[in-house]
Amino acid sequence: MASNKSKGAKSKNQPPKKKQRNDRFIDKKRPTKKDEVLDDVSDGHSEEEEEAGDFLDGDELMSDFDDDDVSEISDEDDAPLADDFLQGSDDNEGIHFDETDIEEKSRAIDEQRAREEEDAQAEMELNIKEESDEFRLPTKEELEAEQQRPPDLANLQMRMKEIVRVLLNFKDMRQERMTRKDYIDQLKIDLGSYYGYNEFLIRVLVDMYPVVELMELIEAFEKPRPTCIRTNTLRTCRRDLADVLSKRGVELDQLSKWSKVGLVVYNSHVPIGATPEYLAGFYYIQGASSFLPVMALAPQEKERVVDMVAAPGGKTTYVAALMKNSGSTVISGLSRPLLTRNQG
């Protein structure tokens, strides 16, 4: 009886092993994520020790489990991991690439560059306008002070350029209460002081040419002209003269197609006016422009020609060469060039 009571008490206190194992497994197979983390950290080792003491060996335990229970465990345990891998992490949820955003940014950059270019252009125009407004004609007191000291050539040149620039756009750039005549009068004074021309010549040139052409003409007057020589065809031809002078170290070339007797001298190692050929009358040092009146006259043999501007005599000798020392030539000196002829 005692043994029966002890067995009954033992059976009453302890449930069957299979039921006990199932209850424990049911409680364990549906944990939440929070419970899994807490169990792994705090109670992982203690539960394993308790279960090791209560359960049988591994073969008996596996035999008590059903196939349905194992499939249910695997499905429920793998679901959270699958969701995590398929859904991805939450860190990349806000990252996305949109082509419209790139186009808008590019358009904004282009608009900003266009605005910067417009601002730069407006600033440049403003600077030009301010610079043009800075020029003022000198007053009478300033002109009197300039006349008492040597002329400042740099200042005169700059002022002439400013006056020409104002005259080209007189309506927008002129000084208040200043007329075109005021600028032109000042330009005449500056031209005479800078280039050394007299008042009469400057007045004639200003009346004949616009200001831009006038400045170009005066600048051309100041450039040194090349030395030209004219071949005396009564003694030699141009080709032979060029060969002889080349051997003496004279660098020369034909003047142009319109002249058959002219040569241009670029450089000479000997004085061009002291060669034996010059002393023998093989050529004359003469400007190319003085060829033209004689060529226009075209004198013939045995004609009478009157040269009213004979100094220094280049045109007269050219006339004599074309007439082959026949006829007659009357020479005189006047202020205006005049070549006439009388046939017979």
Side-chain angles (χ1 to χ4, degrees), residues 195-198 201 204-205 208-209 213-214 216-344:
Y195 294 102
Y197 293 172
N198 56 33
L201 181 58
V204 171
L205 293 175
M208 290 178 61
Y209 300 98
E213 296 182 6
L214 174 62
E216 294 177 355
L217 179 64
I218 295 177
E219 289 291 337
F221 288 163
E222 298 298 317
K223 294 180 180 179
R225 289 173 292 178
T227 302
C228 296
I229 60 176
R230 178 180 56 82
T231 306
N232 185 4
T233 56
L234 297 177
R235 290 182 176 270
T236 185
C237 64
R238 185 171 63 176
R239 180 181 297 176
D240 295 340
L241 177 63
D243 293 339
V244 172
L245 293 178
S246 298
K247 293 178 182 179
R248 295 188 181 277
V250 181
E251 299 177 3
L252 45 77
D253 196 1
Q254 297 181 5
L255 175 61
S256 182
K257 294 181 178 180
W258 55 266
S259 176
K260 297 180 180 180
V261 296
L263 291 170
V264 181
V265 177
Y266 298 107
N267 189 16
S268 177
H269 299 285
V270 296
I272 196 66
T275 61
E277 290 76 19
Y278 177 77
L279 297 176
F282 280 35
Y283 64 90
Y284 298 93
I285 301 174
Q286 184 177 352
S289 59
S290 63
F291 295 0
L292 300 177
V294 180
M295 295 174 64
L297 181 64
Q300 304 297 321
E301 297 180 10
K302 299 180 180 181
E303 288 184 349
R304 295 178 181 178
V305 178
V306 178
D307 186 358
M308 305 300 293
V309 185
K315 291 184 290 296
T316 304
T317 57
Y318 194 11
V319 170
L322 293 177
M323 294 173 63
K324 298 180 181 180
N325 286 336
S326 64
S328 61
T329 303
V330 179
I331 60 176
S332 177
L334 293 176
S335 59
R336 297 181 62 187
L338 177 62
L339 286 175
T340 62
R341 69 185 179 185
N342 184 13
Q343 297 180 358

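Each residue takes its place number in the sequence, starting with 1. These values consider heavy atoms only, across backbone and side chains, with no hydrogens, waters or symmetry-generated copies.
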[X]: partners by side-chain hydrogen bond (donor to acceptor under 3.5 Å, both in side chains), with sequence neighbours left out:
X    : answer
T275 : Y283
S268 : none
Y278 : none
S326 : none

Look up atom [atom1] in [X] and atom [atom2] in [Y], then write down how far apart they are to the nearest 0.5 Å.
X    : Y    : atom1 : atom2 : answer
Q286 : T231 : CD    : OG1   : 11.0 Å
N267 : I272 : CG    : CD1   : 10.0 Å
S328 : M323 : OG    : CE    : 6.5 Å

Grab the two heavy atoms, one from [X] and one from [Y], that are nearest each other, plus how far apart they are.
X    : Y    : value
L205 : L217 : CD2-CD2, 4.3 Å
S246 : L252 : OG-CD1, 4.1 Å
N232 : G281 : ND2-O, 3.0 Å
G262 : R238 : O-NH1, 3.2 Å
T236 : D240 : OG1-CB, 3.7 Å

* **Partners meeting salt bridge (charged side-chain N to carboxylate O under 4.0 Å, His left out) with K324 (sequence neighbours left out)** =>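 Partners of K324 under the salt bridge (charged side-chain N to carboxylate O under 4.0 Å, His left out) test: E301.
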For [X], check side chain to side chain contact (heavy atoms under 4.5 Å, CB included) against everything at least two apart and list the hits.
X    : answer
D253 : Y266
N325 : L234, A320
V244 : R248, E277
T317 : R230, Y284

* Answer yes or no: is there a side-chain heavy-atom contact under 4.5 Å between L245 and I229? =>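 Sidechains of I229 and L245: in contact.
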All N/O donor-acceptor pairs, side-chain side in residues 219-227, below 3.5 Å, sequence neighbours left out:
unit_1, atom_1, unit_2, atom_2, d
E219, OE2, Y195, OH, 2.5
E222, OE2, Y197, OH, 3.3

* To do: Provide the full list of ring pair (Phe, Tyr, Trp, His ring centres under 6.0 Å) pairs with a residue in residues 291-332, sequence neighbours left out, each pair given once.
  =>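 Sorted pair list: F291-Y318.
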* To do: State whether the side chain of S290 and the backbone N or O of G287 hold a donor-acceptor pair below 3.5 Å, judged by distance alone.
  =>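 Judged by distance alone, yes, a pair lies under 3.5 Å.
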* Asked: Quick check: are there more than 12 heavy atoms from other residues, nucleotides or ligands sitting under 6.0 Å from CD of E251?
  ->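 More than 12 within 6.0 Å, yes.
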Identify all side-chain donor-acceptor contacts of residues 292-299 below 3.5 Å with residues at least two apart in sequence or on another chain.
none

